[in-house]
Participant: 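Just dropping this structure here.
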Amino acid sequence: MRKKPHHKKKISPTKKWSAKLHLWFGLSVGIIVFIVSLTGTLYVFKDEIQNILRKDVIYVKHEASAQKPIPLTILREKVSLELHEKYPINSVEISLDKGKSYRFLYYEKSKKGWNYFQQVLINKQAYVNQYTGEILAVYDEKYDVFNILKYIHWGLLLNSEWGPYVVGIPTVLFIIMLITGIILWWPKNKNARKGRFWFNWENVKNWKRKNYDLHNVLGFYASFIALIMSVTGIYFAYPYVKNTFNLALSGYWEQPKEKQIKSPDSLMAKRSDLFDITALQTEKLYAGAASYRISLNGKNKKGKELKNLPITIYGQEGRFSERNMLTFDKYSGKLLTNKPHQQLSNAEKYANANYDIHTGSYFGLFGKIIWFIAGLICTSLPVTGFLIWWGKRKKQGKKI
């Protein structure tokens, strides 16, 4: 009796090309995906860990909080004299929780240098008891482990001009890998689909099969969160991605530039209590906020002189999505503009929220836990994927 010839299952062109792209891109950028995923995952709980480690300097004694804070100008001078840094204090962050200390921030960046350590000239935070003027602690954030993790994740510690592209291109390829991975995972019928949602290792002893299942099943569950993380990541790296979001959310390609109002009181001498009167007005207008940041050196992030005094107010602790803006005359302290979060366009609201979505903090502690787990899985995917390829390669070699 003649045996019927065994026909191989026909693979659709979509799955065939998906398999090739998934493999080629995985082998080419797998190591970068591994590094970026690992550093991003370790960074997720930065705030929670630092709040525990710095608890003694974040909070001031309860009896002290009944006093009036020392004027900001005096505190700034005191910190500058005691620390004697080459660069001026950049800004101060003040919590509306009167039991928390003030944070004075030093930050200066150079356009030169090919790596992070050469570009960031100074990045320090001084925690100060606003009631006594005591400097509680000074942290060199430039060498802090979380900041180093952040800049490895952002651009492999390379120059901030082109470092994000070195990470951004592999991230785009990773997005394609995630999509092709879902296509390869998706079975033809419902019966086959049931077996792909969880591990079935009852009679499986072969590590290769277990490794394949780990890549297949965990990769499927993490892929949807990973897509969100990847898209929000390239939002930072590529202006055209941000502009696409602007167009979709608010109907314009680029966000309109803020018109800076010329200080109406520019002929008068600057008030000595300028920062204190603007802080007082801020706390009255946004009494329910978490904290606010005042620029103290009169310059923006690019080092250009500001025409006015901007104050950024954060609605919730540890989040940047709910952000309000006040602008004061930098001579008299007169309120010029008040731009609450509710009045922002959809594109502006999303721009403020993108970082929180990227890290999972937008969804609270639960979101961070989910993002952390998804990040661990993303870190494992290049490893399990490489082992699958290596196992097949060795098997083919034996046949020859």
Side-chain angles (χ1 to χ4, degrees), residues 58 60 64-81 87-108 125-133 135 257-317 319-320 322-344 348 352:
I58 289 173
V60 292
S65 62
Q67 304 168 15
K68 279 190 175 181
I70 296 170
L72 276 168
T73 307
I74 295 172
L75 286 174
R76 182 181 64 166
E77 289 302 316
K78 190 176 187 303
V79 174
S80 295
L81 287 169
Y87 304 99
I89 295 170
N90 185 270
S91 60
V92 61
E93 188 157 325
I94 300 171
S95 174
L96 271 82
D97 179 349
K98 299 305 173 186
K100 285 187 175 182
S101 57
Y102 286 7
R103 283 194 298 147
F104 286 86
L105 298 99
Y106 287 89
Y107 187 81
E108 196 74 32
Q125 288 194 45
Y127 288 78
V128 179
N129 186 325
Q130 63 270 35
Y131 305 106
T132 63
I135 296 174
K257 289 183 179 179
E258 287 281 336
K259 288 183 180 179
Q260 284 203 18
I261 304 165
K262 189 178 179 181
S263 296
D265 300 325
S266 58
L267 296 175
M268 70 176 286
K270 187 178 285 189
R271 291 186 60 151
S272 59
D273 61 348
L274 173 71
F275 299 124
D276 294 288
I277 62 168
T278 54
L280 191 64
Q281 289 181 76
T282 301
E283 292 186 21
K284 281 182 179 178
L285 287 168
Y286 291 97
S291 63
Y292 57 97
R293 183 175 292 198
I294 305 176
S295 175
L296 297 178
N297 65 350
K299 293 180 180 180
N300 63 13
K301 288 180 181 179
K302 293 181 180 179
K304 290 183 179 179
E305 192 175 342
L306 292 165
K307 291 182 180 179
N308 301 297
L309 176 64
I311 295 184
T312 307
I313 303 101
Y314 303 103
Q316 293 184 51
E317 190 72 38
R319 281 177 60 174
F320 299 96
E322 193 180 316
R323 209 179 302 180
N324 313 282
M325 284 294 300
L326 291 174
T327 309
F328 294 91
D329 184 280
K330 67 178 183 180
Y331 298 99
S332 66
K334 187 188 293 179
L335 179 64
L336 301 176
T337 63
N338 179 6
K339 198 172 183 181
H341 170 76
Q342 292 79 6
Q343 289 181 12
L344 300 178
E348 288 173 318
N352 290 344

Participant: List the steps and the verdict of side chain to side chain contact (heavy atoms under 4.5 Å, CB included) for L335 and L285.
Facilitator: CA-CA 11 Å; L335 179 64; L285 287 168; 4.0 Å; yes

Participant: Locate the shortest heavy-atom distance separating L75 from G133; write the atom from each residue and the value.
Facilitator: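 That closest heavy-atom pairing would be CD2-CA, 3.8 Å.
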
Participant: Do the side chains of R76 and V92 get nearer than 4.5 Å, heavy atoms only?
Facilitator: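 The answer is no, as the side chains (C-beta and beyond) never meet within the 4.5 Å cut-off.
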
Participant: Assess the residue pair I294 and F328 against the criterion (side chain to side chain contact (heavy atoms under 4.5 Å, CB included)); give the C-alpha distance rounded to whole Å, side-chain angles, the decisive distance to 0.1 Å, and a yes or no.
Facilitator: CA-CA 11 Å; I294 305 176; F328 294 91; over 6 Å; no

Participant: Please check if the side chain of Q281 supplies one atom and the backbone of G333 the other of a donor-acceptor pair under 3.5 Å.
Facilitator: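 Flag set: sc Q281 to bb G333 pair under 3.5 Å.
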
Participant: Taking T73 for the side chain and S272 for the main chain, is one N or O donor matched with an acceptor at less than 3.5 Å?
Facilitator: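 Yes: the side chain of T73 pairs with the backbone of S272.
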
Participant: Between Y102 and I94, is a side chain to side chain contact (heavy atoms under 4.5 Å, CB included) present by the stated rule, with each step listed?
Facilitator: CA-CA 5 Å; Y102 286 7; I94 300 171; 3.5 Å; yes

Participant: Between I311 and I313, which heavy-atom pair has the shortest distance, and what is it?
Facilitator: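 It is O-CD1, 3.7 Å.
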
Participant: If I compare all heavy atoms of I277 with all of S332, which pair ends up nearest, and what's the gap?
Facilitator: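 Closest heavy-atom pair between I277 and S332: CD1-O, 3.4 Å.
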
Participant: Find out whether K330 and L306 are in side-chain contact, i.e. whether some heavy atom of one side chain is under 4.5 Å from a heavy atom of the other.
Facilitator: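 Not in contact.
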
Participant: At what distance, to the nearest 0.5 angstrom, does CZ of F104 lie from CG of L72?
Facilitator: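 The CZ atom of F104 sits 5.5 Å away from the CG atom of L72.
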
Participant: Between E322 (side chain only) and Q342 (backbone N and O only), is there a donor and an acceptor less than 3.5 Å apart?
Facilitator: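 Looks like no, no N/O pair under 3.5 Å.
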
Participant: Give the C-alpha distance, both sets of side-chain angles, the deciding distance and a yes or no for side chain to side chain contact (heavy atoms under 4.5 Å, CB included) between T312 and R323.
Facilitator: CA-CA 7 Å; T312 307; R323 209 179 302 180; 3.4 Å; yes

Participant: Rounded to the nearest 0.5 Å, what separates atom CG in D329 from atom CG in L309?
Facilitator: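 The CG atom of L309 is 9.0 Å from CG of D329, to the nearest 0.5 Å.
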
Participant: Does a sphere of radius 6.0 Å around NZ in K78 hold more than 12 heavy atoms from other residues, nucleotides or ligands, not counting ones at 6.0 Å or beyond?
Facilitator: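 Enclosed.
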
Participant: Could you report the tightest heavy-atom contact between E108 and Y87, atom names first, then the distance?
Facilitator: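 Looking at all heavy atoms of both residues, the closest pair is CG-CD2, 3.5 Å.
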
Participant: In Å and rounded to the nearest 0.5 Å, what is the OG1 to NZ distance from T327 to K307?
Facilitator: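 Here the rounded value is 13.0 Å.
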
Participant: Between Y107 and N297, do the side chains contain a donor N or O and an acceptor N or O under 3.5 Å apart?
Facilitator: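 Looking only at side-chain atoms, Y107 and N297 do not form any donor-acceptor pair under 3.5 Å.
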
Participant: Taking all heavy atoms of S291 and all of S95, pick out the closest pair and write down the distance.
Facilitator: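 For S291 and S95, the tightest heavy-atom pair comes out as CB-CA, 3.9 Å.
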
Participant: About how many Å separate CD of E317 and NZ of K100, when rounded to the nearest 0.5 Å?
Facilitator: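 That separation rounds to 3.5 Å.
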
Participant: Has the side chain of N324 got a donor or acceptor atom that lies under 3.5 Å from a matching backbone atom of H341?
Facilitator: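 Checking the backbone N and O of H341 against the side chain of N324, a donor-acceptor pair under 3.5 Å is found.
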
Participant: Taking all heavy atoms of A289 and all of Y314, pick out the closest pair and write down the distance.
Facilitator: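 Minimum heavy-atom contact is CB-O, 3.6 Å.
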
Participant: About how many Å separate CE of M325 and OH of Y292, when rounded to the nearest 0.5 Å?
Facilitator: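 The distance works out to 14.5 Å.
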
Participant: Who are the ring-ring contact (aromatic ring centres under 6.0 Å, His included) partners of Y106, not counting sequence neighbours?
Facilitator: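 Not a single residue meets the ring-ring contact (aromatic ring centres under 6.0 Å, His included) criterion with Y106.
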
Participant: Less than 4.5 Å apart, side chain to side chain, heavy atoms only: is that true for K339 and L344?
Facilitator: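 K339 reaches L344 side chain to side chain.
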
Participant: Hey, are K98 and E283 close enough for a salt bridge, meaning a charged N less than 4.0 Å from a carboxylate O?
Facilitator: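 Here K98 pairs with E283 in a salt bridge, since their nearest N and O are under 4.0 Å apart.
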
Participant: Look up atom CD1 in I89 and atom CG in L296, then write down how far apart they are to the nearest 0.5 Å.
Facilitator: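 That separation rounds to 6.5 Å.
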
